[in-house]
Novice: 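Please read through the structure below; I'll follow up with questions.
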Amino acid sequence: MSETAQKASASAPVPGKGSGPDANRWKALAFIALAQLMVVLDATIVNIAMPSAQQDLGISDGNRQWIVTAYALAFGGLLLFGGRIADLWGRKRAFVVGLGGFAAASALGGAAVNEAMMFGARALQGAFGALLAPAALSLLAVMFTDAKERAKAFGIYGAIAGGGGAVGLILGGFLTEYLDWRWTFFVNIPFAIVAAAGAYFVIREPEGGRNRSPLDIPGVILSTLGLVSLVYGFTRAESEGWSDSTTIGMFVAAAVLLGAFVIVESKVKAPLLPLRVITERNRGGIYLSLGLAIIAMFGLFLFLTYYLQIVKGYTPVKTGFAFLPMIAGMITGSTQIGTRLMTRVAPRLLMGPGFLVAALGMLLLTRMEIDTSYTTVLMPAMLLLGLGMGTAFMPAMSLATYGIEPRDAGVASAMVNTSQQVGGAIGTALLNTIAASATTSYIKDHVAGAASEPQQQLVQLEGMVHGYTSAIWFAVGILVAAAAIALTFINAGKPDMGAVAGSGSKDAEDAVPVMVH
């Protein structure tokens with residue numbers, strides 16, 4: 001037996017020695033899923049409430065973006081640090097602390113009396129979310145080691161990660177329309193209390209999974225500043241344009257800081273992000289393809305929300321319900337297709353076709369016009385998008401942490417969240433910019449022929465829809481690229497039903513499962 005295989009076999013669960021599967025793991029999954037739902041809901045629920053909150057708190061149009069940006073910067077910038085803290089403290093403790101902090105920050109946001117209090121609460125939510133999200137995913141990674149059970153657990157988690165945002169639109173619409181925007185914050189508190197109490201009593205972490213190495217402070221500083229610069233660069237590009245000097249400065253700073261981070265990580269004894277986590281080709285392919293898919297998805301949420309409310313005249317609640325086919329598709333793709341096939345076929349044969357089915361749904365949306373029928377175009381497009389994304393997300397979430405050393409589980413999970421967060425920032429900025437310039441160009445070309453005011457309003461709406469469809473064409477290309485990366489980079493076969501073993505290569509040691517080809 002090779003030295004690598006011996007190490008892996010020594011770390012694998014041994015039946016009868018008290019390190020078998022946790023008897024409470026399915027109860028634990030319910031509380032982990034609840035916490036994940038809360039974090040994902042928060043990303044979209046606040047967007048629906050923004051106009052009302054802006055008016056109540058007297059926030060200017062120039063500053064309103066900070067309701068979203070303050071959260072995105074803290075969450076995206078601190079994710080790797082949060083993942084490493086989870087490995088150091090233990091995932092259960094990081095999970096419970098993250099939930100408690102998120103609830104307190106939500107209470108502060110709901111009670112906000114001015115913009116400073118609101119922005120501070122959103123930044124705190126992001127910081128505790130950055131501790132909570134990687135802890136939740138890494139708990140699943142270390143608690144579910146059997147391939148079939150893991151497929152089911154990650155199917156449920158993947159459905160929530162994908163569909164929770166659309167649920168947030170429905171809930172946000174109801175709360176804003178029938179109660180008050182403050183309830184979009186207060187609603188997090190019962191979620192957090194139930195999840196934290198359940199986790200405290202039910203979750204039992206496997207022994208020996210902590211990484212007690214000293215904290216890599218230079219790595220923490222460089223990664224946090226680099227990711228904050230990157231996310232802020234894309235956020236600023238959306239509002240100020242790509243040629244803005246501060247935007248360019250942020251991108252240059254991000255490149256320098258993240259380049260320095262990689263150099264530091266390759267030299268320090270106990271790195272924040274061991275390079276073995278991202279250089280293994282399967283994991284690298286997952287981070288890249290997931291990030292690209294999220295770019296396409298985030299832009300789409302934005303366009304469809306505006307299209308349904310401004311062009312079609314839907315209320316916030318009706319808009320939320322219009323997204324139900326996407327949620328149904330995601331749940332079906334994740335819990336039925338993905339879970340059933342995960343242990344039978346190689347992950348790339350789920351991820352590649354999944355992204356292509358989503359691209360087909362996106363392609364349907366390029367046919368959008370002012371009078372497009374919901375039932376014949378929008379509904380089937382959203383169903384295909386949901387099915388494709390659910391099918392692809394599920395094996396991606398599972399394989400990203402499968403076979404990882406327990407001491408690296410938190411930081412590997414944080415990388416999944418980081419690729420999604422950075423993808424979301426890029427998607428919103430990039431696709432919004434494409435849509436805005438296409439809209440401006442269309443209106444400029446057609447407004448001269450519009451004599452009356454109703455005709456001019458029609459040209460404005462047509463320009464808006466033209467902008468959306470132009471950006472959606474780019475999203476189709478991005479999803480095809482994600483499928484190509486998944487099919488070429490990811491070469492793991494279906495998971496072996498037995499114990500996890502090493503790959504035999506030095507860099508990927510203890511990081512890749514035995515796969516059956």
Novice: Can you tell me how the ring of Tyr307 sits relative to the ring of Tyr468, calling it parallel under 30°, perpendicular over 60° and tilted otherwise?
Specialist: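 Correct class here is perpendicular.
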Novice: Restricting to non-hydrogen atoms, name the atom on Ser223 and the atom on Leu272 that form the minimum distance, rounded to 0.1 Å.
Specialist: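 Heavy atoms only, the tightest pair is OG-CD2, 3.4 Å.
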Novice: Just by distance, do the side chain of Asn491 and the backbone of Asn282 share a donor-acceptor pair under 3.5 Å?
Specialist: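 Side chain of Asn491 to backbone of Asn282, a donor-acceptor pair under 3.5 Å: no, none is there.
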Novice: How many angstroms lie between atom CG of Leu430 and atom CZ of Phe234, to the nearest 0.5 angstrom?
Specialist: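 Reported value, rounded in 0.5 Å steps: 7.5 Å.
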Novice: Could you tell me if the side chain of Leu132 sits less than 4.5 Å from the side chain of Met38, heavy atoms only?
Specialist: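 Met38 reaches Leu132 side chain to side chain.
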Novice: Do the non-hydrogen side-chain atoms of Leu179 and Phe174 ever get within less than 4.5 Å of each other?
Specialist: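 No - every pair of side-chain heavy atoms lies 4.5 Å or more apart.
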Novice: Which heavy atom of Ala483 sits nearest a heavy atom of Gly352, and at what distance?
Specialist: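 Closest pair (atom of Ala483, atom of Gly352, distance): CB-O, 3.5 Å.
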Novice: How many angstroms lie between atom OG of Ser470 and atom CG of Leu431, to the nearest 0.5 angstrom?
Specialist: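 Between Ser470 OG and Leu431 CG, I get 11.0 Å after rounding to 0.5 Å.
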Novice: Please examine the side chains of Leu273 and Arg84, heavy atoms only from C-beta on, and report whether any two atoms are closer than 4.5 Å.
Specialist: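 Counting from C-beta outward, Arg84 and Leu273 never come under 4.5 Å.
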Novice: State, yes or no, whether a side-chain contact exists between Ile472 and Met368 at a heavy-atom distance under 4.5 Å.
Specialist: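 Sidechains of Met368 and Ile472: in contact.
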Novice: Is there a side-chain contact (heavy atoms from CB on, under 4.5 Å) between Ile434 and Trp473 once you walk through the steps?
Specialist: CA-CA 10 Å; Ile434 293 165; Trp473 273 110; over 6 Å; no
Novice: Does Ala135 offer a backbone N or O that forms a donor-acceptor pair with the side chain of Arg91 under 3.5 Å?
Specialist: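 Checked: no pair found.
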Novice: Provide the closest heavy-atom pair for Ala192 versus Leu99 in the form atom of the first, atom of the second, distance.
Specialist: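 Closest pair (atom of Ala192, atom of Leu99, distance): CB-O, 3.6 Å.
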Novice: Taking the side chain as every heavy atom from C-beta outward, state whether Arg348 and Leu399 have any pair of such atoms under 4.5 Å apart.
Specialist: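 No, their side chains stay 4.5 Å or more apart.
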Novice: How close do Gln125 and Phe185 get, heavy atom to heavy atom, and via which atoms?
Specialist: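 Between these two residues, the closest heavy atoms are OE1-CE2, 3.7 Å.
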Novice: Are side-chain heavy atoms of Val377 and Glu369 found at a separation under 4.5 Å?
Specialist: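 Counting from C-beta outward, Val377 and Glu369 never come under 4.5 Å.
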Novice: List in chain and number order the residues that pass side chain to side chain donor-acceptor pair (under 3.5 Å) with Gln336, two or more places apart in sequence or in another chain; answer none if no residue qualifies.
Specialist: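 With sequence neighbours excluded, Gln336 shows a side chain to side chain donor-acceptor pair (under 3.5 Å) to Arg340, given in chain and number order.
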Novice: Ignoring hydrogens and angles, tell me if any N or O in the side chain of Lys312 forms a donor-acceptor pair with the backbone of Thr372 under 3.5 Å.
Specialist: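 Yes; judged by distance alone, with no hydrogens or angles, the pair exists.
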Novice: Which distance, rounded to the nearest 0.5 Å, do you find between the CG of Leu140 and the CG of Leu29?
Specialist: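 Here the rounded value is 6.0 Å.
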Novice: List the steps and the verdict of side-chain contact (heavy atoms from CB on, under 4.5 Å) for Leu124 and Phe102.
Specialist: CA-CA 7 Å; Leu124 272 176; Phe102 200 92; over 6 Å; no
Novice: Is there a side-chain contact (heavy atoms from CB on, under 4.5 Å) between Ile278 and Arg283? Walk through the geometry before answering.
Specialist: CA-CA 6 Å; Ile278 52 172; Arg283 245 184 295 284; over 6 Å; no
Novice: Are there more than 12 heavy atoms of other residues, nucleotides or ligands under 6.0 Å from atom CZ of Arg367?
Specialist: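 Incorrect, the count does not exceed 12.
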Novice: Please give me the minimum heavy-atom distance between Leu363 and Val476, naming the atom from each residue.
Specialist: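 Minimum heavy-atom contact is N-CG2, 3.6 Å.
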Novice: Who passes side chain to side chain donor-acceptor pair (under 3.5 Å) against Ser419, sequence neighbours left out?
Specialist: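 Side chain to side chain donor-acceptor pair (under 3.5 Å) list for Ser419, sorted by chain: empty.
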Novice: Looking only at atom types and distance, does a side-chain atom of Tyr374 sit under 3.5 Å from a main-chain N or O of Ala322, one as donor and one as acceptor?
Specialist: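 Looks like yes, one N/O pair under 3.5 Å.
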Novice: Would you indicate whether the side-chain heavy atoms of Leu385 and Leu365 approach each other to under 4.5 Å?
Specialist: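 Yes, close enough: below the 4.5 Å cut-off.
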Novice: Between Asn432 and Phe303, is any pair of side-chain heavy atoms under 4.5 Å apart?
Specialist: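 Touching, per the 4.5 Å side-chain cut-off.
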Novice: Got a second to check how far Met351's CE is from Met389's CE, nearest 0.5 Å?
Specialist: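 The CE atom of Met351 sits 10.5 Å away from the CE atom of Met389.
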Novice: For the CD1 atom of Ile295 and the CZ atom of Phe474, what is their distance to the nearest 0.5 Å?
Specialist: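 Answer for the CD1-CZ pair, Ile295 versus Phe474, is 12.5 Å.
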Novice: Could you check Thr391 against Phe355 for side-chain contact (heavy atoms from CB on, under 4.5 Å), going step by step and ending with a plain yes or no?
Specialist: CA-CA 8 Å; Thr391 302; Phe355 288 138; over 6 Å; no
Novice: Using the ring of each side chain (for Trp, its six-membered ring), is Tyr71 parallel, tilted or perpendicular to Phe75, with breaks at 30° and 60°?
Specialist: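 Rings of Tyr71 and Phe75: parallel, under 30°.
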Novice: With rounding to the nearest 0.5 angstrom, report the CG to CG distance, Leu131 to Leu79.
Specialist: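 Going from the CG atom of Leu131 to the CG atom of Leu79 covers 10.0 Å.
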Novice: Where is the tightest heavy-atom contact between Leu37 and Phe191, given as atom of each residue plus distance?
Specialist: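 In this case the closest contact between Leu37 and Phe191 is CD2-CE2, 4.0 Å.
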